[in-house]
> 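Mind having a look at this structure? Questions to follow.
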Amino acid sequence: MPVRPSLILGIETSCDETAAAVVESGKSVLSSVVASQTNLHAEYGGVVPELASRAHAECILPVVRRALAEAGVRLDALHAVAVGHRPGLIGALVVGVSAAKALAWSLSVPLIGADHVHAHLYAGDLGASQETEFPAVGLVVSGGHTSLYLLKSWTELTRLGATIDDAMGEAFDKGAAILGLPFPGGPSLDALAAGPGADDRALDFPVSRLAPTSLDFSFSGLKTSLLYAVRGLPGRGGVFERDHRSLSDARRADLAASFQRAAVRAAILKLERALDQAGSISPGVKTILAGGGVTANSRLRRELAELAARRGMALRLPEARFCVDNAAMIAGLGFHLLGAGPPSPLDLRAVPTAAC
Ligand code: KG4
Ligand code: ZN
């Protein structure tokens, strides 16, 4: 059997997905297993950190075993173990980091700590037939993060801006809850907004611009506008006169489509600003990278493709299964981190905040 160079096992447990993947040379995904905890958290309308940690502890070894089996790779064939060690829920991260350390130590292979947000930027490169050209401008839109980056390579990045309040995915989830849609809210709202007859111009929701050159985001005003559109203005003691049960199906779909239009507009507007400004820091930006759960959104995907075409730039947009949390993006980025610097020490810590 030919020797496989750079077979990396990736592990991801930062929030509510227990994931493991085997990726070859940073590109070729041999397996990607994700055990989702969506049903576990659904009745609470959001992720309960302690429940998430316990479920990770139960699932991590079966998920790693399955990823190896699906890839047809034995443990002793691995060249390195990469793990998302920041940012995320601390108790959840600790499970993946402990498993990765134990595996790397027992196999005597390098351990690679990867930043989860950084890995979302990499997800669009998985399976790509051509090399990504740099400099690139990257947009991460997920449930916990909304940020813009300038990248000179896969391992050299500068943050250009970030949300000052809600993340874009969080705004979708809260917007969906206001509309009475099922958890997880983002995909539910997307499906309703994309349905036949939904009018995205029914309401002119605000698109936050902040200062004229700002590359930061704000989604709280949009969320409040939707709240008032659904419930009316609050009366004495902050009590609303109605809730989503008074909405007709047609009105609910119109509100979802109008909300989605405004949210996507805000993301595209800041990305366009970043592309304009990045040229003066690092001339000749060639590629747009986008990643994170919200890049699964049908409207955002369409508008990103239109923007890239308008600007004559390449677009790296992950396939649907790599938009949301997964371990293939961790293993893929791990390949480049290992090529660019020393491995992580075996006392690598789980850290709740992002490095970038
Ligand atoms: O990247 P991810 O899996 O987890 C974090 O790192 O946060 O992103 C999850 C987020 C959730 O807020 C979810 O509602 C959102 O991505 N999301 C979507 C769609 N699919 C997932 N938001 C809008 N439209 C979608 N189709
Ligand atoms: Zn994520």
> Are Tyr44 and Val47 connected in the hydrophobic side-chain network, where two residues link if heavy atoms are under 4.5 Å apart?
no

> What ring pair (Phe, Tyr, Trp, His ring centres under 6.0 Å) pairs are there with at least one residue in residues 173-223, not counting sequence neighbours?
none

> Using the rule side chain to side chain contact (heavy atoms under 4.5 Å, CB included), only one of Leu139, Asn297, Val294 pairs with Met168; which is it?
Val294

> Between Ser53 and Leu89, does a side-chain contact (heavy atoms from CB on, under 4.5 Å) hold up when you go through it step by step?
CA-CA 8 Å; Ser53 313; Leu89 301 170; over 6 Å; no

> I need the Leu157 CG to Ser147 OG distance, nearest 0.5 Å.
10.0 Å

> State whether Lys223 and Glu170 are salt-bridged, where the test is any N-O pair (Lys NZ or Arg NE/NH1/NH2 against Asp/Glu carboxylate O) under 4.0 Å.
no

> More than 12 heavy atoms of other residues, nucleotides or ligands under 6.0 Å from CZ of Arg310: yes or no?
yes

> Give a yes or no on this: more than 12 heavy atoms of other residues, nucleotides or ligands lie within 6.0 Å of atom CZ of Arg242.
yes

> Can you give me the closest heavy-atom contact between Ser31 and Glu70, atom names plus distance?
CB-CB, 3.8 Å

> Please check if Leu227 and Leu255 belong to a single hydrophobic cluster, counting links between Ile, Leu, Val, Met, Phe, Trp and Tyr side chain heavy atoms closer than 4.5 Å.
yes

> Can you tell whether the side chains of Arg245 and Asp243 come within less than 4.0 Å, N to carboxylate O?
yes

> Around atom CD of Glu241, are there more than 12 heavy atoms from other residues, nucleotides or ligands closer than 6.0 Å?
yes

> Give the minimum heavy-atom separation between Gln37 and Ala55, together with the two atoms involved.
NE2-CB, 3.4 Å

> Is it possible for you to say whether Leu304 and Val324 belong to one hydrophobic cluster, with membership spreading through side-chain heavy-atom contacts below 4.5 Å?
no

> Can you pull out every ring pair (Phe, Tyr, Trp, His ring centres under 6.0 Å) where at least one residue sits in residues 94-114? Sequence neighbours excluded, please.
none

> Give a yes or no on this: more than 12 heavy atoms of other residues, nucleotides or ligands lie within 6.0 Å of atom CG of Asp76.
yes

> Going hydrophobic residue to hydrophobic residue with side-chain gaps under 4.5 angstrom, can you get from Phe322 over to Val33?
no

> Would a 4.5 Å heavy-atom cut-off, applied to side chains only, mark Asp115 and Pro87 as touching?
yes

> Can you find a heavy atom in the side chain of Arg86 that is under 4.5 Å from one in the side chain of Cys356?
no

> Would you say Arg54 has more than 12 foreign heavy atoms packed within less than 6.0 Å of its CZ?
no

> Using only heavy-atom distances, determine whether the side chains of Thr132 and Asp125 contain a donor-acceptor pair under 3.5 Å.
yes

> List the atom of Asp173, the atom of Gly186, and the distance in Å for their closest heavy-atom pair.
OD1-N, 3.0 Å

> Enumerate the residue pairs fulfilling ring pair (Phe, Tyr, Trp, His ring centres under 6.0 Å) with a member in residues 233-291, sequence neighbours excluded, ordered by first and then second residue.
Phe172-Phe259

> Dump the intermediate steps for side-chain contact (heavy atoms from CB on, under 4.5 Å) on Leu121 and Tyr149, then the final yes or no.
CA-CA 9 Å; Leu121 285 172; Tyr149 298 89; 3.7 Å; yes

> With hydrophobic residues grouped by side-chain heavy-atom distances under 4.5 Å, do Leu315 and Ile268 end up in a single group?
yes

> How far does OG of Ser218 sit from NZ of Lys270, to the nearest 0.5 angstrom?
7.5 Å

> Under the side chain to side chain contact (heavy atoms under 4.5 Å, CB included) test against Val285, which residue among Leu151, Leu275, Asp276 passes?
Leu275

> How many angstroms lie between atom OG of Ser98 and atom CG of Leu93, to the nearest 0.5 angstrom?
10.0 Å

> Output the distance between atom CE (Met329) and atom NE2 (His118), rounded to the nearest 0.5 Å.
11.5 Å

> With a 4.0 Å cut-off, would you call Asp200 and Arg299 a salt bridge?
yes

> Only pairs at least two apart or in different chains count here, so list each ring pair (Phe, Tyr, Trp, His ring centres under 6.0 Å) that has a residue in residues 293-321.
none

> What distance separates Leu247 CG from Ile178 CD1, expressed to the nearest 0.5 Å?
11.0 Å

> When Val83 is tested against each of Leu348, Leu103, Ile112, Leu9 for side chain to side chain contact (heavy atoms under 4.5 Å, CB included), which residue passes?
Leu348

> Would one find more than 12 heavy atoms of other residues, nucleotides or ligands at under 6.0 Å from atom CZ of Arg252?
yes

> Tell me whether the count of non-hydrogen atoms from other residues, nucleotides or ligands lying under 6.0 Å of CZ in Arg251 goes above 12.
no

> Looking at Ser298 and Ala194, what are the two nearest heavy atoms and their distance?
OG-CB, 4.2 Å

> Walk me through it: do Asp204 and Arg261 pass the test side-chain contact (heavy atoms from CB on, under 4.5 Å)?
CA-CA 9 Å; Asp204 203 12; Arg261 179 170 73 95; 3.5 Å; yes

> Using the side-chain hydrogen bond (donor to acceptor under 3.5 Å, both in side chains) rule, collect all pairs that involve residues 331-350, keeping only residues at least two apart or in two chains.
Tyr122-His336

> For Cys15 versus Ala52, what's the shortest heavy-atom pair and its separation?
O-CB, 3.7 Å

> Only counting residues at least two apart or in another chain, list the ones meeting ring pair (Phe, Tyr, Trp, His ring centres under 6.0 Å) with His56.
none

> Quick one: are Leu7 and Leu30 in side-chain contact, heavy atoms under 4.5 Å?
yes

> Indicate yes or no: at least one non-hydrogen side-chain atom of His41 is less than 4.5 angstrom from one of Pro184.
no

> Out of Val22, Asn326, Leu126, which one pairs with Val29 under the side chain to side chain contact (heavy atoms under 4.5 Å, CB included) rule?
Leu126

> Please give me the minimum heavy-atom distance between Ser258 and Leu203, naming the atom from each residue.
OG-N, 3.2 Å

> Going by distance alone, is a donor N or O of one side chain under 3.5 Å from an acceptor N or O of the other, for Asp166 and Ser220?
no

> Does the side chain of Val81 reach to within under 4.5 Å of the side chain of Lys101, using non-hydrogen atoms?
no

